[in-house]
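The analysis underlying the following values was restricted to heavy atoms, covering all of them including side chains, and did not include hydrogens, waters or symmetry mates.
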Amino acid sequence: DPGLWPPAVRDDANVVYVSLGEIHSAIDIPDRDLGMFQEWHMGTREWYLDRRRSWLDIVKMIFFTADGVIRFGVFSSPYGERQGFAPDRVFKFWLSNEGRKRLLARLHRDRGELIERRDDFWYYTYRCKYHLLANCNNFVGAALQEAGLPIRESLSVELRPLAWQLRRCLRFQEEAWARGLQATESVGPPGVE
């Protein structure tokens with residue numbers, strides 16, 4: 001959405017980090033009041049609260065739905081940085097003010113009732129069921145799409161298509177700013193023809 005993204009100005013208060021692990025993705029957004037990062041994850045109750053991650057539980061997700069849970073925390077650095085992810089697995093996008101508002105509104109709209117607080121995280125119900133076609137990657141894709149990035153939630157089911165879309169957005173973001181910089185440089189100082 002050209003009215004939302006990419007913004008004309010890079011404001012480090014309006015960034016979003018997307019971290020891609022081996023089987024999981026998450027979003028981090030600077031919290032302006034705390035000077036830290038809000039970290040948003042989505043998974044299943046079995047994984048986050050019951051601590052069950054057996055292959056049987058994973059295979060069940062292919063055929064059945066599960067209760068979704070949003071895991072939220074506030075940290076001094078983005079998730080991918082804290083986990084030591086390779087630089088090509090952490091994506092940084094600048095947002096417009098409106099894009100940031102829409103992204104946060106989407107994340108909060110998906111968040112249900114507080115379940116509990118544990119291990120530096122707050123756990124909330126997710127308003128939808130978790131299943132193979134509605135997973136953490138869709139959660140991330142939907143939030144970015146809401147912010148104006150050309151990400152399709154429906155194409156974000158698996159990490160490879162999500163990563164491809166994120167790399168494409170990085171290229172587009174850099175090209176847009178390069179075009180803007182060239183336009184600014186070509187104008188020259190006032191009074192010079």
Side-chain angles (χ1 to χ4, degrees), residues 4-7 10-44 47-49 51 53 58 61 68-96 99-108 110-111 117-124 126 130 134-153 155-177:
L4 288 176
W5 187 84
R10 294 185 193 203
D11 179 356
D12 283 339
N14 286 343
V15 296
V16 60
Y17 290 87
V18 180
S19 300
L20 300 183
E22 293 301 319
I23 60 169
H24 181 66
S25 58
I27 285 185
D28 291 276
I29 306 153
D31 187 305
R32 295 172 178 168
D33 297 328
L34 298 175
M36 298 181 70
F37 290 89
Q38 294 182 14
E39 186 172 297
W40 294 80
H41 301 258
M42 194 275 277
T44 70
W47 296 339
Y48 286 152
L49 299 174
R51 309 284 190 203
R53 293 188 181 174
I58 293 169
M61 292 305 132
V69 171
I70 290 178
R71 184 172 74 169
F72 171 81
V74 179
F75 299 95
S76 60
S77 59
Y79 174 68
E81 187 178 306
R82 286 195 337 275
Q83 297 297 318
F85 289 179
D88 66 338
R89 298 189 70 82
V90 179
F91 300 83
K92 181 179 181 180
F93 300 103
W94 280 266
L95 305 174
S96 64
R100 175 189 165 85
K101 286 178 193 173
R102 289 184 183 197
L103 182 137
L104 285 168
R106 174 60 190 249
L107 293 172
H108 285 284
D110 287 341
R111 180 183 58 115
R117 172 135 198 237
R118 183 198 304 177
D119 304 329
D120 297 326
F121 285 101
W122 288 266
Y123 294 89
Y124 297 91
Y126 179 53
Y130 183 102
N135 57 32
C136 59
N137 304 320
N138 293 100
F139 176 74
V140 167
L144 294 172
Q145 184 176 339
E146 193 75 25
L149 278 76
I151 300 279
R152 294 297 162 250
E153 178 182 0
L155 296 178
S156 301
V157 171
E158 206 267 331
L159 276 173
R160 283 181 297 237
L162 177 59
W164 173 80
Q165 291 181 89
L166 294 171
R167 284 191 297 273
R168 183 180 64 137
C169 287
L170 279 180
R171 285 192 307 272
F172 186 81
Q173 179 174 258
E174 292 305 319
E175 289 168 5
W177 280 321

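- Using a 4.5 Å cut-off on side-chain heavy atoms (C-beta onward), Ser25 and Leu162 make contact.
- By the side chain to side chain contact (heavy atoms under 4.5 Å, CB included) test, Lys101 is found to be paired with Glu98, residues two or more places apart in sequence or in another chain being considered.
- Residues Phe139 and Asp110 are in side-chain contact: their nearest non-hydrogen atoms beyond the backbone lie under 4.5 Å apart.
- For Trp177 and Trp94, the ring centers are positioned less than 6.0 Å apart.
- Residues Ala26 and Tyr79 approach most closely at CB-CD2, 3.9 Å, considering heavy atoms.
- Ser76 is not listed as a side-chain neighbour of Phe37, based on a closest heavy-atom distance of 4.5 Å or more.
- Figure legend: cation-pi geometry between Arg82 and Phe75, with NZ or CZ positioned under 6.0 Å from the six-membered ring centre and within 45° of its axis.
- Here Cys169 contributes atom SG and Trp164 contributes atom CH2; the two are 9.0 Å apart, rounded to the nearest 0.5 Å.
- A donor-acceptor distance shorter than 3.5 angstrom exists from the side chain of Asn135 to the backbone of Asn138, with no hydrogens or angles considered.
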Derivation and outcome, salt bridge (charged side-chain N to carboxylate O under 4.0 Å, His left out), residues Arg160 and Glu22 = CA-CA 10 Å; Arg160 283 181 297 237; Glu22 293 301 319; over 6 Å; no
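- Using a distance-only test at 3.5 Å, with no hydrogens or angles considered, a donor-acceptor pair links the side chain of Arg100 to the main chain of Ala13.
- With hydrogens and angles ignored, the 3.5 Å screen pairs no side-chain donor or acceptor of Gln145 with any backbone N or O of Pro150.
- Across all their heavy atoms, Trp5 and Leu95 have their closest contact at CD1-CD2, 4.1 Å.
- Within 6.0 Å of CZ in Arg32 there are more than 12 heavy atoms belonging to other residues, nucleotides or ligands.
- The two residues Phe91 and Asp88 have their closest heavy-atom pair at CZ-O, 3.5 Å.
- In this structure, OG in Ser77 is found 8.0 Å from CG in Asp28, a value given to the nearest 0.5 Å.
- Annotation: side chain of Asp12 is not in contact with side chain of Pro30 (no heavy-atom distance under 4.5 Å).
- Here the side chains of Ile27 and Val16 are in contact, with some heavy-atom distance below 4.5 Å.
- Side-chain atoms of Leu166 and Leu20, non-hydrogen and from C-beta on, do get closer than 4.5 Å to each other.
- Side-chain atoms of Arg106 never come within 3.5 Å of backbone atoms of Ala147 as a donor-acceptor pair (strictly under, hydrogens ignored).
- Aromatic pair Tyr17/Phe93: centroids not less than 6.0 angstrom apart.
- Looking at every heavy atom in both residues, Ile29 comes nearest to Val15 through CG2-O, 3.9 Å.
- Classification of the Tyr48-His41 ring pair by plane angle, with boundaries at 30° and 60°, yields perpendicular.
- With Arg89 contributing its side chain and Gly21 its backbone, the two residues share a donor-acceptor pair below 3.5 Å.
- Between the Arg111 side chain and the Ile70 main chain, no donor and acceptor come within less than 3.5 Å of each other.
- Within the 4.5 Å cutoff, no side-chain heavy atoms of Leu103 are placed close to those of Glu146.
- Remark: Leu144 CG to Arg102 CZ distance equals 14.0 Å, nearest 0.5 Å.
- Using the six-membered ring where Trp is involved, Tyr123 and Phe121 have ring planes that are tilted, between 30° and 60° apart.
- Rounding to the nearest 0.5 Å gives a distance of 14.0 Å between CZ of Phe172 and CD of Gln165.
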Evaluation steps, side chain to side chain contact (heavy atoms under 4.5 Å, CB included), between Glu81 and Phe85 = CA-CA 6 Å; Glu81 187 178 306; Phe85 289 179; over 6 Å; no
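- Closest of all the heavy-atom pairs between Val90 and Gly80 is CG2-CA, 3.9 Å.
- The shortest distance between side-chain heavy atoms of Met42 and Arg71 does not fall below 4.5 Å.
- When all heavy atoms of Gly99 and Ser96 are compared, the pair lying nearest together is N-OG, 2.9 Å.
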inquiry  = Under the criterion ring pair (Phe, Tyr, Trp, His ring centres under 6.0 Å), I'd like the reasoning laid out for His24 against Trp47: C-alpha separation, chi angles, the key distance, then a yes or no.
reply    = CA-CA 12 Å; His24 181 66; Trp47 296 339; 8.2 Å; no
